[in-house]
Every structure is written in structure tokens, then in C-alpha cells.
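Heads up, the thing below is written out as C-alpha cells.
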Amino acid sequence: MAERLEIDALRALLAIRAHGGVTRAAEHLALSQSAVSHKIRRLEQALESDLLARRAGGPLFTEAGERLCDYARRMTDLHDEALASLGRKTLVGKIRLGVTEDTTTSGIARILGRFTRLYPDVRVQIRTSQSLNVQVWLKAGELDVAVMQLFGADVLPGDLTLFDDSLHWVKSPDFLLDPSKPVPFLSFDSNCFYKRWGMTDGQALGHRFDNVLECPSAAGIQSAVRSGLGVALLNGLHVTPDMEIIHGIFPDPPGLTYIARTHRNSRTDAVGALIGEFEREVDNAIPLRAAG
């Protein structure tokens, strides 16, 4: 079989999946739409299968296209890992990394796994907590790198944006909400920045909240919401179909951004290599969001 699947064409396919269409994929890759379309046609010719559904209002990919996306991610990962492994310089040292819980279930965990294979002599020490706690650790010099979520307005010029997410007021469909009474509120902990925003802006609009649960685990908050214990603020990664998103009662939440931030005194080669792995994943349009 003489056909070949070109790595750049596979990257274009992944970009279409990540950005929702050929036009946005072309913008991300700094290519023309015709160039991206040509790469996809090359793949289709090699496989003798249609990959894009090309039906208005329908799915973006055919069944063959979805299957190839799964292969494409693994193939580009192996391709890039081989290049990095064979061409890298030896690094040693330690990286103190702070992350939030949801980043451990996203594509970021995949990057960390690859990084430890590429640089086995670099010890990555990971601490997990809520975003505000991770920020405090970073400012105090207890971390070299922090991967966390912020409101979009709080992103700094030196931050590396990994992906954006949304924030939602949610409840169980069985929970009867009476805004005239104190609203039972479910929060991650006393230092939860969702809680700080929600109670500040919500109370400004006349709502009263009763913080009936503090739980540091996203799974715990999800379970409490499903059980009808109250109302919570959850990011899109953790909103599930069995939850009801509340519209028109509470203030509209701001957007969220997941970022990687480096401490000013931690510009080592090892830290630079880790940030480089994050950058490469973003540039290659491989989604970092958690599955589901």
C-alpha cells in the first residue's frame, strides 16, 4: 500500500475538530481555507473515504472521520514525542507544579506523562488544590509553575492560555428554587472563587445565600447537585446532562480560562521545557479539555 497519512494533514483534521470547522481551523493554523481543505482531501484520497460530513446542521465528521481523529491524536503524539526525545538535551532538576483538580482529568495529565518520559531525570512534584490556593503558593515561591483556572479578566500578559471554559448556575431538575428565600449554596471551600463571585454579585441583585455545603471535590459537588441539596456554580467540564442550568435568575457568570503561569524566579531549562510541551499542544490544536 503506497498511500501515506501526512502528519500535517492529520494536524489539520485535529484542528477542525478542536475549533469546530474548516474556517476556524485555518485561522488557528495560519493557513488558507483552501489549503486546509486540500489537506483533508489528501487524507480522503489516501483512505478512499469521506472524512467530513459536509451537511449543514449535521455532524462535523463521518464515522470514518471520527475514527481517524482518534488515530490522528495518537500518531501526532508519537511523532512529536520521537522528535523531542531524539533531539532533546539532557535535563535534570525538580519542578514544583501546582494544579487544580480538574486539570488532572484533562489533556494536561497526558502532557505531564509525556514530559516525564522525555525527561526522566527531572522530578515533577505536584500539589493539587483550588485555584486561589494554587495562586497563593505560586506568589509565595512554593511553586515553579501553576496550572489553574481564572476568570478571563484576570489572565496576565505572561500567562499561557490553555483553553477557555464557561461557568454555570446549576441545580437538580427536582430541586424547587424559591428566590424569595435564602438559596442553599454548594461551594468547593471557603476559598472558592466561584463562591466569592456568586455571593458578591448575587447578593448585589438582592439574592440571599445559605452555604449549606463546602466540599473540595468536583465529584462531591456534582453528587450534591444531583441529590437536590441546593444550587452550585460549576464550570462546563463538570456540568452533566442530568443537571439543569439556571437562566435568568442569578447574574450571568463570567467566562473562565485555564492558564499555565510561571514564577518569576523559576525560569530554569526544565521549567522552560515543560512550558514548551504545553505550548506545543496548544499550537497543534489538540484539545486539552477533559473528556465528557
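Along the sequence shown, residues carry numbers from 1.
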State which residues pass side chain to side chain donor-acceptor pair (under 3.5 Å) with Arg127; sequence neighbours excluded, sorted by chain then number.
Glu142
May I ask you to test the Val147-Thr100 pair for a side-chain heavy-atom distance under 4.5 Å?
no
For Val145 versus Val271, what's the shortest heavy-atom pair and its separation?
CG2-CG1, 3.7 Å
Are Phe151 and Leu167 side-chain neighbours, meaning at least one heavy-atom pair lies under 4.5 Å?
yes
Counting only heavy atoms from other residues, nucleotides and ligands, does the tally under 6.0 Å from CZ of Arg267 exceed 12?
yes
Taking C-beta and beyond as the side chain, do Ser37 and Ile40 meet within less than 4.5 Å on heavy atoms?
no
Counterpart residues, ring-ring contact (aromatic ring centres under 6.0 Å, His included), relative to Phe175 (two or more places apart)
none
Find out whether Phe193 and Asp154 are in side-chain contact, i.e. whether some heavy atom of one side chain is under 4.5 Å from a heavy atom of the other.
no
Listed by chain and number, what are the side chain to side chain contact (heavy atoms under 4.5 Å, CB included) partners of Thr257, not counting sequence neighbours?
Val155, Thr161, Asp164, Ile259
Check the hydrophobic clustering (I, L, V, M, F, W, Y; side-chain heavy atoms under 4.5 Å; chains of links allowed) and say if Met243 and Val183 are grouped together.
yes
Check the hydrophobic clustering (I, L, V, M, F, W, Y; side-chain heavy atoms under 4.5 Å; chains of links allowed) and say if Val170 and Met199 are grouped together.
yes
Taking the side chain from Asn211 and the backbone from Phe185, do they hold a donor-acceptor pair closer than 3.5 Å?
yes
Applying side chain to side chain donor-acceptor pair (under 3.5 Å), name anything that partners Ser217, two or more places apart in sequence or on another chain.
none
If you round to the nearest 0.5 Å, how far is CG of Leu43 from CG of Leu68?
6.0 Å
Side chain to side chain donor-acceptor pair (under 3.5 Å) filter on Thr23, not counting sequence neighbours, yields Gln33
Using a 4.5 Å cut-off between side-chain heavy atoms of Ile, Leu, Val, Met, Phe, Trp and Tyr, which other residues end up in the same hydrophobic cluster as Leu156?
none
Nearest-0.5 Å distance, CG of residue Leu97 to CZ of residue Phe115:
9.5 Å
Closest heavy-atom pair, Leu5 versus Ala46, reported as atoms and distance to 0.1 Å, is CD2-CB, 4.3 Å
Judged by atom type as modelled, is there a donor-acceptor pair below 3.5 Å linking the side chain of Trp169 to the main-chain atoms of Pro251?
yes
With a 3.5 Å distance limit and no angle check, can you tell me whether Thr116 reaches the backbone of Gly113 through a side-chain donor-acceptor pair?
yes
Please name all residues satisfying salt bridge (Lys or Arg N to Asp or Glu O under 4.0 Å) with Arg114, sequence neighbours left out, ordered by chain then number.
Asp77, Glu277, Glu281
Measuring from atom CD1 of Ile221 to atom OG of Ser187, what distance do you get when rounded to the nearest 0.5 angstrom?
6.0 Å
In terms of hydrophobic clustering (I, L, V, M, F, W, Y; side-chain heavy atoms under 4.5 Å; direct or indirect links), are Leu150 and Phe278 co-clustered?
no
Could you tell me which residues satisfy side chain to side chain donor-acceptor pair (under 3.5 Å) with Ser172, sequence neighbours excluded, listed by chain and number?
none
Any donor-acceptor N/O pair, Thr200 side chain to Arg196 backbone, under 3.5 Å:
yes
Atom CZ in Arg208, atom CG in Asp210: separation rounded to 0.5 Å?
10.0 Å
Is it the case that the side chains of Gln149 and Tyr194 hold a donor-acceptor pair, with the cut-off being a distance below 3.5 Å and no angle test?
yes
Under the ring-ring contact (aromatic ring centres under 6.0 Å, His included) test, residues paired with Phe61 that sit two or more places apart:
none
Report the distance from atom CD of Gln130 to atom CD of Glu101, rounding to the nearest 0.5 Å.
7.5 Å
Grab the two heavy atoms, one from Asn133 and one from Ser129, that are nearest each other, plus how far apart they are.
ND2-OG, 2.8 Å
For the residue pair Ala64 and Ser49, what are the closest heavy atoms and their distance?
CB-CB, 4.2 Å
Side-chain donor/acceptor of Asp165 to backbone N/O of Leu237, under 3.5 Å:
yes
Using the test side chain to side chain contact (heavy atoms under 4.5 Å, CB included), find all partners of Asn265 that sit at least two apart in sequence or belong to another chain.
His263
Nearest non-hydrogen partners of Leu234 and His238, listed with the distance
CD1-O, 3.9 Å
Let me see the working for Asp50 and Glu44 under side chain to side chain contact (heavy atoms under 4.5 Å, CB included), right down to the final yes or no.
CA-CA 6 Å; Asp50 290 334; Glu44 291 177 328; 4.2 Å; yes
Within a reach of under 6.0 Å around CG of Asp252, are more than 12 heavy atoms found that belong to other residues, nucleotides or ligands?
no
Full working for side chain to side chain contact (heavy atoms under 4.5 Å, CB included) between Leu52 and Val22
CA-CA 10 Å; Leu52 299 183; Val22 173; 4.1 Å; yes
Is there a donor-acceptor contact under 3.5 Å from the side chain of Asp144 to the main chain of Arg96?
yes
same_hphob_cluster(Phe188, Leu213) at 4.5 Å side-chain heavy-atom cutoff
yes
Between Val239 and His168, is the side chain to side chain contact (heavy atoms under 4.5 Å, CB included) condition met? List the steps.
CA-CA 8 Å; Val239 175; His168 305 277; 4.0 Å; yes
By the rule that ILVMFWY residues connect when side-chain heavy atoms come within less than 4.5 angstrom, directly or transitively, which residues belong alongside Leu176?
none
In terms of ring plane angle, is the pair Phe250 and Phe209 parallel, tilted or perpendicular, where the classes change at 30° and 60°?
tilted
How far apart are the C-alpha atoms of Arg17 and Leu13, what are their side-chain angles, what is the distance that settles it, and do they pass the side chain to side chain contact (heavy atoms under 4.5 Å, CB included) test?
CA-CA 6 Å; Arg17 181 189 228 183; Leu13 188 75; over 6 Å; no
I'd like to know if Leu274 and Leu143 are part of one continuous hydrophobic network [Ile/Leu/Val/Met/Phe/Trp/Tyr, side-chain heavy atoms within less than 4.5 Å].
no
Quick one: does any side-chain atom of Asp8 pair with a main-chain N or O of Leu10 as donor and acceptor, under 3.5 Å?
no
Write out all pairs satisfying salt bridge (Lys or Arg N to Asp or Glu O under 4.0 Å) with one or both partners inside residues 19-43, taking only residues at least two apart or from two chains.
Glu6-Arg42
Quick one: pull up CZ in Arg261 and OG in Ser266 and give me the separation to the nearest 0.5 Å.
13.5 Å
Nearest heavy-atom approach of Gly20 to Leu60 is C-CD2, 4.0 Å
